[in-house]
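Report on the following structure.
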Amino acid sequence: MLSISNLCVRDVLKNLNLIVQPNEFVLIVGANGSGKTTLFGSISGMIKPKAGQILLNGANITNMPQYKRACLISSVSQDPRSGTIGRMTILENMCIAYMRSGYKKISSNVVEYFKTKLSVLEMGLEFRLSEYVDALSGGQRQALSLVMSVIDDCKLLLLDEITSALDPKASSMVMKITDKLVRNEGKTCLFITHDTKHMNCFNGRVLEMKDGRLKQKN
Amino acid sequence: MIIPLQELITSAEIGLIFGSVAIGIYLTFRAINFADLTCDGSFVLGAAVAAVLARNGFDPYLALFCSALLGSFAGLITGVLNVKFGISDLLSGIIVAFVLYSVNLRIMGSAPNVTFEEYRNTLFVVAPLALGLAFLLASGFGLKLRAVGYSQQFAITFGTNVGLMTIVGLMLSNAMISLGGGLFSQYQGFCDVSQGVGTLVAGLASVIIGEKVLPFKKAPYLIISCVIGSILYRIFISIALHSSLLGIKTQDLNLITGLIIVLVMLTRRKARYA
């Protein structure tokens, strides 16, 4: 369970409170500048809050360094290029994601596991493991980022405007993949977007962010 | 233009020694994307340590181990200045290289140069070390190390302690460069406090030649291509200095080096992925 209480960040988030239950899907919508990405940064550890507390499954992670927090929280941001490394192969990218919480042996069974995960995308990436990620389109890279974010047993999945850099076709494909992955993996997910049409894509709680505060969206 | 075979062999041997330097340069400039200028100081540090220990009758291999150890310590200082104190990569390297000039003079007993009995059997330690580093870069640790060089944000997102990785990368790099210095001084039986000048350029030239000439894309193989690039670089220099047609003399070495780097860089650009 994620519990945020009285979170203040710069002058953007003002005494923000939020509770996300295990396996719950929460969609946060809001206009540009409302503080969505600041909230994403505060939870993932990129931004240090001025005041408040962030608890994940009872543990206080407010001052935990970002790289340590990354072992508990998976995140995918808006730029497809930032979630993958173009100059590494698909397999190498998957290996780095798999070793998020510590070094593990990459056996042939693990490679098969990667292939099974990639097959969910229905893009044939499981047959292209030795290809460089630079050869993939923006939509394919974002889809790969999504698979990489759920490859290990992270407690929370944070998705920040993951379709904003994609064209409508790729955007719709990524949304379908997100829905499928979140349902298959049973992850607790916080989806941040400015696009209100995403509200219809998922079954979950919808919150609206306005002037650094959250309220239930009707 | 006829180059004596013995001279070609000597060039290849010096190339092998500087292969260690090229690997060090590759680890910082390519793998962790850190413009480290410590190398000019750490090369002489290794040379000075090996020279002083040799003169005092220590085992040459133990001397090389001490060179590498002290080189890694120089890398550690550069890393701490950058990671913990926020000094830029260029400046932290320059500061350490600057400080090392005095440290090296101290090690050499305040003399600007030291002579001792040459020892050439150690130069082949570069080969197993290069292979070891190639395996290291292919491992999970190597993947994470290279990820830091490509995108620090990506590396952090996937749980990598970027600061620690940068320091470890700098330590490995300067250990290899210092080892190169130790090998070079043992090979010549001589060490001079100013012999580190141009180490960076020679190392970078070797890395670039290796990348351009050999068709390798993967980082582990690129370590091997650094060594081969270094040997080719020394052979090119040897050939250039023997071209009587152009009237080139020894004092034109830096001019030739610069021209070789530019020529290689202007050749058809291959896809270079590490």
Side-chain angles (χ1 to χ4, degrees), chain A residues 40-41 43-46 64-107 110 130-135 141 144-145 148-149 151-154 157-160, chain B residues 26-27 29-34 79 82-84 86 134-169 172 207-208 211-212 215-223 225 269-274:
Chain A
F40 172 86
I43 300 171
S44 66
M46 263 189 287
M64 188 186 272
Q66 194 188 354
Y67 76 90
K68 277 189 185 165
R69 218 181 282 201
C71 300
L72 307 170
I73 303 171
S74 282
S75 55
V76 181
S77 65
Q78 42 196 298
D79 183 5
R81 285 168 303 179
S82 69
T84 49
I85 292 183
R87 287 183 162 194
M88 283 184 169
T89 62
I90 294 173
L91 179 63
E92 287 173 329
N93 274 274
M94 295 286 281
C95 288
I96 291 175
Y98 182 67
M99 291 186 291
R100 181 198 296 263
S101 54
Y103 296 108
K104 295 174 194 164
K105 192 170 184 284
I106 307 295
S107 61
V110 173
S130 57
E131 281 186 33
Y132 285 93
V133 172
D134 264 346
R141 282 183 82 151
L144 177 62
S145 296
M148 285 163 63
S149 70
I151 204 161
D152 63 352
D153 54 357
C154 273
L157 181 59
L158 282 182
L159 307 173
D160 180 30
Chain B
Y26 170 82
L27 286 172
F29 278 74
R30 293 279 196 253
I32 61 167
N33 196 17
F34 188 105
N82 175 256
V83 173
K84 299 291 175 197
F135 277 109
L136 186 72
L137 281 191
S139 69
F141 169 81
L143 274 179
K144 288 195 169 193
L145 188 80
R146 284 152 53 208
V148 169
Y150 288 129
S151 166
Q152 291 203 350
Q153 192 50 52
F154 173 91
I156 294 170
T157 306
F158 286 98
T160 304
N161 184 344
V162 168
L164 182 68
M165 277 291 181
T166 304
I167 291 173
V168 171
L172 275 175
V207 172
I208 293 166
E211 285 172 349
K212 293 281 179 179
F216 301 140
K217 279 182 175 181
K218 301 227 173 222
Y221 299 111
L222 281 168
I223 289 282
S225 80
R269 189 174 167 77
K270 285 179 185 165
R272 182 186 53 76
Y273 298 147

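Each chain gets a letter, A, B and so on, in the order the sequences are listed, and its residues count up from 1.
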Count the heavy atoms of every other residue, nucleotide or ligand shown that sit under 6.0 Å from CZ of B:Phe135, and state whether that count exceeds 12.
-> no
Under 6.0 Å from the NZ atom of A:Lys68, do we count more than 12 heavy atoms belonging to anything else shown?
-> no
Would you mind checking which part of A:Ser77 comes under 4.5 Å of any heavy atom in chain B, side chain (CB onward), backbone (N, CA, C, O), both or neither?
-> neither
Side chain, backbone, both or neither: which part of A:Met46 has a non-hydrogen atom closer than 4.5 Å to chain B?
->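 Only the side chain of A:Met46 comes within 4.5 Å of chain B.
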Considering all heavy atoms of both residues, which atom of B:Tyr26 and which atom of B:Ala219 are nearest to each other, and what is their separation?
-> OH-CB, 3.5 Å
Quick one: closest heavy-atom pair of B:Phe154 and A:Asn93, and the distance?
->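 Nearest heavy atoms, B:Phe154 then A:Asn93: CZ-OD1, 3.7 Å.
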Top contributor to chain A contacts, counting heavy-atom pairs under 4.5 Å, from B:Ala147, B:Ser151, B:Ala155, B:Ser139 =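 The answer is B:Ala147.
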Check ring-ring contact (aromatic ring centres under 6.0 Å, His included) between B:Phe34 and all other residues, then give those that pass, not counting sequence neighbours.
->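 Partners of B:Phe34 under the ring-ring contact (aromatic ring centres under 6.0 Å, His included) test: none.
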Side-chain (B:Arg146) to main-chain (B:Ile32) donor-acceptor, under 3.5 angstrom = no
Mind checking what makes side chain to side chain donor-acceptor pair (under 3.5 Å) contact with A:Glu131, not counting sequence neighbours?
->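 Partners of A:Glu131 by the side chain to side chain donor-acceptor pair (under 3.5 Å) criterion, ordered by chain and then number, come out as A:Arg128.
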I'd like a table of donor-acceptor pairs (distance under 3.5 Å, sequence neighbours excluded) in which one partner is a side-chain atom from residues 94-102 of chain A, with atom names and distances.
| from | atom 1 | to | atom 2 | distance (Å) |
| --- | --- | --- | --- | --- |
| A:Arg100 | NE | A:Asp152 | OD2 | 3.1 |
| A:Arg100 | NH1 | A:Ala70 | O | 3.0 |
| A:Arg100 | NH1 | B:Thr157 | O | 3.2 |
| A:Arg100 | NH2 | A:Ser74 | OG | 3.1 |

Toward chain A: residues of residues 159-166 of chain B with heavy atoms under 4.5 Å = B:Gly159, B:Thr160, B:Asn161, B:Met165
Closest-packed option against chain B by number of heavy-atom pairs under 4.5 Å, given A:Gly83, A:Ser44, A:Ser75 | A:Gly83
